[in-house]
Amino acid sequence: MVAAERAFAADGLELGVQASFFKHSAPDGIVFGPEPILARAAFGEPRPKGKPLVWWPLWAGIARSGDLGFTTGPYTFDGQPRGYYFTVWGKQPDGSWKWLYDGGPPSDMTGAEPKDSPAAYARLSTRRAGSPAKAMAEVAAAERALHDAAKTDVKAAYLAVVAEDGRIVGSRAKPPANRAEIEAELATRAASIAFSPLGGSASSAGDLAWTYGAAAWTAQDGSAQRAHYVRVWRDDKAGWRLLYDVLLPAPPLKTPPVAAPAS
(Lines give C-alpha, C1' and ligand atoms only; values in the text may rest on other atoms or scores of the structure.)
Protein backbone atom coordinates (compact mmCIF):
# COMPACT_ATOMS: atom_id res chain seq x y z
CA MET A 1 0.00 0.00 0.00
CA VAL A 2 2.81 2.43 0.87
CA ALA A 3 4.51 1.38 -2.36
CA ALA A 4 1.26 2.19 -4.21
CA GLU A 5 1.26 5.65 -2.61
CA ARG A 6 4.83 6.25 -3.70
CA ALA A 7 4.02 5.10 -7.24
CA PHE A 8 1.02 7.44 -7.21
CA ALA A 9 3.27 10.34 -6.18
CA ALA A 10 5.92 9.45 -8.77
CA ASP A 11 3.28 9.39 -11.51
CA GLY A 12 2.13 12.80 -10.32
CA LEU A 13 5.51 14.19 -11.36
CA GLU A 14 5.83 12.08 -14.49
CA LEU A 15 2.28 12.28 -15.88
CA GLY A 16 0.91 15.35 -14.14
CA VAL A 17 -1.50 15.56 -11.22
CA GLN A 18 -4.75 14.97 -13.09
CA ALA A 19 -3.52 11.94 -15.05
CA SER A 20 -1.94 10.38 -11.96
CA PHE A 21 -5.03 10.90 -9.81
CA PHE A 22 -7.19 9.32 -12.50
CA LYS A 23 -4.81 6.37 -12.96
CA HIS A 24 -4.65 5.52 -9.25
CA SER A 25 -8.26 6.19 -8.19
CA ALA A 26 -10.79 3.42 -7.63
CA PRO A 27 -14.01 3.56 -9.67
CA ASP A 28 -15.84 4.55 -6.47
CA GLY A 29 -13.11 6.87 -5.18
CA ILE A 30 -14.35 10.24 -3.94
CA VAL A 31 -13.09 13.76 -3.39
CA PHE A 32 -14.78 16.81 -1.93
CA GLY A 33 -15.46 19.14 -4.81
CA PRO A 34 -16.65 20.81 -2.58
CA GLU A 35 -19.36 18.21 -1.83
CA PRO A 36 -18.57 14.46 -2.02
CA ILE A 37 -18.30 13.50 -5.68
CA LEU A 38 -16.89 10.53 -7.57
CA ALA A 39 -13.29 11.48 -8.27
CA ARG A 40 -13.32 10.40 -11.89
CA ALA A 41 -16.30 12.64 -12.56
CA ALA A 42 -14.51 15.53 -10.84
CA PHE A 43 -11.40 15.30 -13.01
CA GLY A 44 -13.15 16.58 -16.12
CA GLU A 45 -11.38 17.05 -19.43
CA PRO A 46 -7.63 16.36 -19.69
CA ARG A 47 -5.51 19.29 -18.62
CA PRO A 48 -1.82 20.18 -19.06
CA LYS A 49 0.70 18.65 -16.68
CA GLY A 50 0.85 21.80 -14.51
CA LYS A 51 3.06 22.69 -11.57
CA PRO A 52 4.62 19.89 -9.49
CA LEU A 53 2.68 18.41 -6.59
CA VAL A 54 5.02 16.40 -4.36
CA TRP A 55 3.96 14.22 -1.44
CA TRP A 56 5.34 11.34 0.60
CA PRO A 57 3.91 8.91 3.19
CA LEU A 58 5.16 9.12 6.79
CA TRP A 59 2.38 7.28 8.64
CA ALA A 60 0.15 4.43 7.50
CA GLY A 61 -2.29 1.86 8.82
CA ILE A 62 -3.81 -1.27 7.37
CA ALA A 63 -6.48 -3.87 8.15
CA ARG A 64 -5.48 -7.36 9.23
CA SER A 65 -7.17 -8.63 6.06
CA GLY A 66 -4.80 -6.48 4.00
CA ASP A 67 -7.50 -4.90 1.86
CA LEU A 68 -8.14 -1.46 3.41
CA GLY A 69 -5.76 1.12 4.78
CA PHE A 70 -4.54 4.69 4.75
CA THR A 71 -1.44 6.80 4.32
CA THR A 72 -0.65 10.38 5.30
CA GLY A 73 2.31 12.70 5.06
CA PRO A 74 3.48 16.15 3.92
CA TYR A 75 2.89 17.65 0.51
CA THR A 76 4.21 20.64 -1.39
CA PHE A 77 2.87 22.45 -4.44
CA ASP A 78 5.28 24.18 -6.79
CA GLY A 79 7.93 23.79 -4.12
CA GLN A 80 5.89 25.46 -1.37
CA PRO A 81 4.75 23.61 1.79
CA ARG A 82 0.99 23.16 1.82
CA GLY A 83 0.05 20.65 4.54
CA TYR A 84 -0.54 16.94 5.03
CA TYR A 85 -2.43 14.78 2.56
CA PHE A 86 -4.61 11.88 3.67
CA THR A 87 -5.45 8.95 1.39
CA VAL A 88 -7.72 5.97 2.05
CA TRP A 89 -6.72 2.90 0.01
CA GLY A 90 -8.67 -0.19 -1.00
CA LYS A 91 -7.37 -3.37 -2.62
CA GLN A 92 -9.15 -4.05 -5.92
CA PRO A 93 -10.37 -7.41 -7.29
CA ASP A 94 -7.23 -7.64 -9.47
CA GLY A 95 -5.00 -7.25 -6.40
CA SER A 96 -3.94 -3.66 -7.13
CA TRP A 97 -4.32 -0.80 -4.65
CA LYS A 98 -6.48 2.18 -5.64
CA TRP A 99 -7.45 5.16 -3.54
CA LEU A 100 -10.98 5.56 -2.21
CA TYR A 101 -10.54 9.07 -0.85
CA ASP A 102 -7.86 11.71 -1.21
CA GLY A 103 -7.61 15.08 0.52
CA GLY A 104 -5.98 16.64 3.54
CA PRO A 105 -5.66 19.54 5.99
CA PRO A 106 -3.18 22.47 6.03
CA SER A 107 -1.17 20.95 8.91
CA ASP A 108 2.21 22.51 9.68
CA MET A 109 5.04 20.58 7.99
CA THR A 110 7.75 21.93 10.31
CA GLY A 111 10.02 19.14 11.48
CA ALA A 112 8.49 16.52 9.16
CA GLU A 113 10.79 13.75 7.97
CA PRO A 114 12.05 14.42 4.43
CA LYS A 115 10.95 12.71 1.23
CA ASP A 116 11.90 9.02 0.93
CA SER A 117 12.00 8.59 4.71
CA PRO A 118 10.58 5.28 5.95
CA ALA A 119 6.93 5.34 6.97
CA ALA A 120 5.78 4.54 10.50
CA TYR A 121 2.81 2.22 10.97
CA ALA A 122 -0.18 2.25 13.27
CA ARG A 123 -0.57 -0.98 15.18
CA LEU A 124 -3.01 -3.58 13.93
CA SER A 125 -6.45 -4.07 15.44
CA THR A 126 -6.90 -6.42 18.38
CA ARG A 127 -10.41 -7.54 17.40
CA ARG A 128 -12.37 -8.27 14.22
CA ALA A 129 -16.09 -7.89 13.65
CA GLY A 130 -15.83 -10.72 11.12
CA SER A 131 -17.57 -9.06 8.18
CA PRO A 132 -17.78 -5.62 6.56
CA ALA A 133 -21.53 -5.43 7.22
CA LYS A 134 -21.17 -6.15 10.93
CA ALA A 135 -18.24 -3.75 11.18
CA MET A 136 -20.15 -0.91 9.53
CA ALA A 137 -23.14 -1.51 11.82
CA GLU A 138 -20.89 -1.31 14.87
CA VAL A 139 -19.06 1.75 13.55
CA ALA A 140 -22.38 3.44 12.78
CA ALA A 141 -23.37 2.92 16.42
CA ALA A 142 -20.02 4.33 17.59
CA GLU A 143 -20.49 7.36 15.36
CA ARG A 144 -24.03 7.94 16.62
CA ALA A 145 -22.68 8.01 20.18
CA LEU A 146 -19.88 10.37 19.16
CA HIS A 147 -22.29 12.64 17.30
CA ASP A 148 -24.77 12.75 20.17
CA ALA A 149 -22.01 13.67 22.63
CA ALA A 150 -20.54 16.26 20.23
CA LYS A 151 -23.78 18.23 20.29
CA THR A 152 -22.89 19.39 23.80
CA ASP A 153 -19.14 18.81 24.26
CA VAL A 154 -16.95 18.14 21.22
CA LYS A 155 -13.73 17.79 23.18
CA ALA A 156 -15.10 15.25 25.65
CA ALA A 157 -16.85 13.34 22.86
CA TYR A 158 -13.61 12.80 20.95
CA LEU A 159 -11.41 12.12 23.96
CA ALA A 160 -13.76 9.28 24.93
CA VAL A 161 -13.17 7.40 21.65
CA VAL A 162 -9.79 8.42 20.22
CA ALA A 163 -7.19 5.62 20.15
CA GLU A 164 -4.01 6.02 22.20
CA ASP A 165 -2.08 6.33 18.92
CA GLY A 166 -4.84 8.24 17.11
CA ARG A 167 -4.57 11.56 15.29
CA ILE A 168 -7.11 14.36 15.17
CA VAL A 169 -6.26 17.06 12.63
CA GLY A 170 -7.76 19.92 10.66
CA SER A 171 -6.09 23.10 11.92
CA ARG A 172 -2.73 24.51 10.85
CA ALA A 173 -0.96 22.87 13.79
CA LYS A 174 1.37 19.92 13.29
CA PRO A 175 -0.32 16.49 13.42
CA PRO A 176 -0.56 15.62 17.14
CA ALA A 177 1.96 13.21 18.61
CA ASN A 178 0.44 12.83 22.09
CA ARG A 179 -2.71 13.31 24.15
CA ALA A 180 -1.89 16.93 25.07
CA GLU A 181 -1.52 17.86 21.40
CA ILE A 182 -4.80 16.10 20.58
CA GLU A 183 -6.50 18.19 23.26
CA ALA A 184 -4.93 21.33 21.80
CA GLU A 185 -6.25 20.40 18.35
CA LEU A 186 -9.74 19.79 19.73
CA ALA A 187 -9.61 23.22 21.37
CA THR A 188 -9.54 24.74 17.85
CA ARG A 189 -12.95 23.22 17.09
CA ALA A 190 -16.36 24.52 18.07
CA ALA A 191 -17.70 23.30 21.42
CA SER A 192 -20.82 21.95 19.72
CA ILE A 193 -20.94 20.36 16.25
CA ALA A 194 -23.75 18.57 14.43
CA PHE A 195 -22.46 15.66 12.33
CA SER A 196 -24.25 13.79 9.53
CA PRO A 197 -22.76 10.57 8.10
CA LEU A 198 -22.64 10.18 4.31
CA GLY A 199 -20.66 7.03 3.52
CA GLY A 200 -17.67 4.76 4.02
CA SER A 201 -16.68 1.10 4.00
CA ALA A 202 -14.95 -1.58 6.08
CA SER A 203 -12.27 -4.22 5.56
CA SER A 204 -13.26 -7.81 4.83
CA ALA A 205 -12.03 -8.81 8.30
CA GLY A 206 -14.24 -6.13 9.83
CA ASP A 207 -11.38 -4.66 11.84
CA LEU A 208 -10.84 -1.31 10.10
CA ALA A 209 -13.37 1.11 8.62
CA TRP A 210 -13.40 4.57 7.13
CA THR A 211 -16.29 7.01 7.15
CA TYR A 212 -17.04 10.49 5.87
CA GLY A 213 -19.81 12.99 6.35
CA ALA A 214 -20.89 16.56 6.95
CA ALA A 215 -20.43 18.83 9.96
CA ALA A 216 -22.18 22.07 10.90
CA TRP A 217 -21.89 24.54 13.77
CA THR A 218 -22.41 28.18 14.71
CA ALA A 219 -19.32 30.37 15.05
CA GLN A 220 -18.89 32.85 17.89
CA ASP A 221 -19.93 35.67 15.54
CA GLY A 222 -23.22 33.86 14.86
CA SER A 223 -22.33 32.74 11.33
CA ALA A 224 -23.17 29.26 10.12
CA GLN A 225 -20.10 27.11 9.43
CA ARG A 226 -19.73 23.85 7.52
CA ALA A 227 -17.12 21.16 6.99
CA HIS A 228 -16.68 17.55 5.97
CA TYR A 229 -15.11 14.91 8.16
CA VAL A 230 -13.15 11.82 7.20
CA ARG A 231 -12.35 9.16 9.81
CA VAL A 232 -10.66 5.83 10.24
CA TRP A 233 -11.95 3.52 12.96
CA ARG A 234 -10.06 0.51 14.36
CA ASP A 235 -11.56 -2.35 16.32
CA ASP A 236 -9.58 -2.39 19.58
CA LYS A 237 -9.86 -4.32 22.82
CA ALA A 238 -11.98 -1.51 24.29
CA GLY A 239 -14.20 -1.41 21.18
CA TRP A 240 -14.09 0.73 18.06
CA ARG A 241 -11.62 3.57 18.51
CA LEU A 242 -10.89 6.58 16.34
CA LEU A 243 -7.51 6.22 14.67
CA TYR A 244 -7.78 9.29 12.43
CA ASP A 245 -10.16 12.23 12.17
CA VAL A 246 -9.93 15.30 9.97
CA LEU A 247 -12.32 18.23 9.67
CA LEU A 248 -12.13 20.04 6.31
CA PRO A 249 -13.91 23.42 5.88
CA ALA A 250 -16.63 23.62 3.23
CA PRO A 251 -18.40 26.61 1.65
CA PRO A 252 -22.05 27.45 2.45
CA LEU A 253 -24.36 24.73 1.20
CA LYS A 254 -26.53 25.58 -1.81
CA THR A 255 -28.12 22.17 -2.34
CA PRO A 256 -28.40 19.12 -0.06
CA PRO A 257 -25.32 16.85 -0.24
CA VAL A 258 -25.70 13.52 -2.02
CA ALA A 259 -23.65 10.60 -0.75
CA ALA A 260 -21.34 8.91 -3.25
CA PRO A 261 -21.85 5.16 -3.61
CA ALA A 262 -20.22 3.21 -0.77
CA SER A 263 -17.52 0.76 -1.82
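Positions are given from 1 along the sequence. All values below come from the heavy atoms of this structure, side chains included, with hydrogens, waters and symmetry mates left out.
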Evaluate side-chain contact (heavy atoms from CB on, under 4.5 Å) for E138 paired with W233, printing each intermediate quantity in order. CA-CA 10 Å; E138 292 175 355; W233 292 85; over 6 Å; no
Keeping R167 on the side-chain end and Y244 on the backbone end, is there a donor-acceptor pair under 3.5 Å? no
Heavy atoms only: give me the nearest W99-A39 pair and the separation to one decimal. CH2-CB, 3.4 Å
Are D245 and R231 close enough for a salt bridge, meaning some N to O gap below 4.0 Å? yes
Between D116 and R6, is any pair of side-chain heavy atoms under 4.5 Å apart? no
Audit row: E35, H228, side-chain hydrogen bond (donor to acceptor under 3.5 Å, both in side chains) steps and yes/no: CA-CA 8 Å; E35 303 310 312; H228 291 108; 3.1 Å; yes
Between the side chain of S96 and the main-chain N/O of Q92, is any donor-acceptor distance below 3.5 Å? no
Approximate separation, where rounding is to 0.5 Å, of L58 CG and K115 NZ: 11.5 Å
Rounded to the nearest 0.5 Å, what separation is found between the CD atom of E14 and the OG atom of S20? 10.5 Å
Output, in order, the C-alpha distance, side-chain angles, deciding distance and verdict of side-chain contact (heavy atoms from CB on, under 4.5 Å) for V54 and L13. CA-CA 7 Å; V54 179; L13 294 176; 3.8 Å; yes
Is there a donor-acceptor contact under 3.5 Å from the side chain of E181 to the main chain of A177? yes
Paired with T71, the side chain to side chain donor-acceptor pair (under 3.5 Å) test is passed by just one of W59, W89, W56, namely W89
Restricting to non-hydrogen atoms, name the atom on P74 and the atom on M109 that form the minimum distance, rounded to 0.1 Å. CB-CE, 3.5 Å
With a 4.5 Å cut-off on side-chain heavy atoms, are D108 and K174 touching? yes
Report the distance from atom OH of Y229 to atom CD1 of I168, rounding to the nearest 0.5 Å. 14.0 Å
Of all the heavy-atom pairs spanning A135 and W240, show the shortest one and how long it is. CB-CZ2, 3.8 Å
Assigning hydrophobic clusters by single linkage (Ile, Leu, Val, Met, Phe, Trp, Tyr; side-chain heavy-atom cutoff under 4.5 Å), is V232 placed with V161? no
Do S117 side-chain atoms and P114 backbone N/O form a donor-acceptor pair below 3.5 Å? yes
Treating Ile, Leu, Val, Met, Phe, Trp and Tyr as nodes and any side-chain heavy-atom pair under 4.5 angstrom as an edge, say whether V31 and Y75 lie in one connected cluster. yes
When you group the ILVMFWY residues by side-chain heavy-atom contacts below 4.5 Å and let the links chain together, are W97 and V2 in the same group? no
Of the non-hydrogen atoms in E185 and G170, which two are nearest, and what is the gap between them? OE2-N, 3.4 Å
When you measure from the side chain of S107 to the backbone of G83, do you find a donor-acceptor pair of N or O atoms at a distance under 3.5 Å? no
Does the side chain of S223 come within less than 4.5 Å of T218's, by heavy atoms? no
Please report the interatomic distance CG(L247) to OG1(T188), rounded to the nearest 0.5 Å. 8.5 Å
Between K98 (side chain) and K23 (backbone), is there a donor-acceptor pair under 3.5 Å? yes
According to a hydrophobic-cluster definition based on side-chain heavy atoms being under 4.5 Å apart (Ile, Leu, Val, Met, Phe, Trp, Tyr only), do Y212 and L243 belong together? yes
One thing to verify: whether R127 and D235 come together as a salt bridge, which I'm taking to mean a side-chain N less than 4.0 angstrom from a carboxylate O. yes
If you apply the rule side-chain contact (heavy atoms from CB on, under 4.5 Å), what do you find for V169 with T72, and how did you get there? CA-CA 11 Å; V169 298; T72 183; over 6 Å; no
Check against side-chain contact (heavy atoms from CB on, under 4.5 Å), R234 and L208: CA-CA 5 Å; R234 183 181 62 199; L208 197 74; 4.0 Å; yes
Which heavy atom in L198 sits nearest to a heavy atom in A214, and how many Å separate them? CD1-N, 4.1 Å
Do Y84 and V246 share a hydrophobic cluster, counting only Ile, Leu, Val, Met, Phe, Trp and Tyr and linking them when any side-chain heavy atoms are less than 4.5 Å apart? no
Could you tell me whether the side chain of F21 reaches within less than 4.5 Å of the side chain of L53, counting heavy atoms only? yes
What's the verdict on side-chain hydrogen bond (donor to acceptor under 3.5 Å, both in side chains) for S203 and R64, showing C-alpha distance, side-chain angles and the deciding distance? CA-CA 8 Å; S203 65; R64 285 187 175 275; over 6 Å; no
Which distance, rounded to the nearest 0.5 Å, do you find between the OG1 of T152 and the CD1 of I193? 12.0 Å
For the pair D207 (side chain) and S125 (backbone), establish whether a donor and an acceptor sit closer than 3.5 Å, ignoring hydrogens and angles. no
Looking only at heavy atoms, which two atoms of R47 and F43 are closest? And how far apart? NH1-O, 3.0 Å
Just by distance, do the side chain of R128 and the backbone of S65 share a donor-acceptor pair under 3.5 Å? no
With side-chain hydrogen bond (donor to acceptor under 3.5 Å, both in side chains) as the test, would you mind laying out the steps for W210 and S201 before giving the verdict? CA-CA 6 Å; W210 79 285; S201 62; 2.9 Å; yes
If we only count heavy atoms from C-beta on, is the P57 to M1 side-chain gap below 4.5 Å? no
Atom OG1 in T76, atom NZ in K51: separation rounded to 0.5 Å? 12.5 Å
Please assess F8 against W55 for the test ring pair (Phe, Tyr, Trp, His ring centres under 6.0 Å), listing each intermediate value before the final yes or no. CA-CA 9 Å; F8 178 25; W55 70 94; 4.8 Å; yes
Whether the side chain of R82 engages the backbone of D78 through a donor-acceptor N/O pair (distance < 3.5 Å, no angle test) should be reported. no
Does the gap between the ring centers of F70 and Y101 come in under 6.0 Å? no
L15 versus F22: any side-chain heavy-atom pair under 4.5 Å? no
In the structure I gave you, are the side-chain heavy atoms of R123 and E164 within less than 4.5 Å of one another anywhere? yes
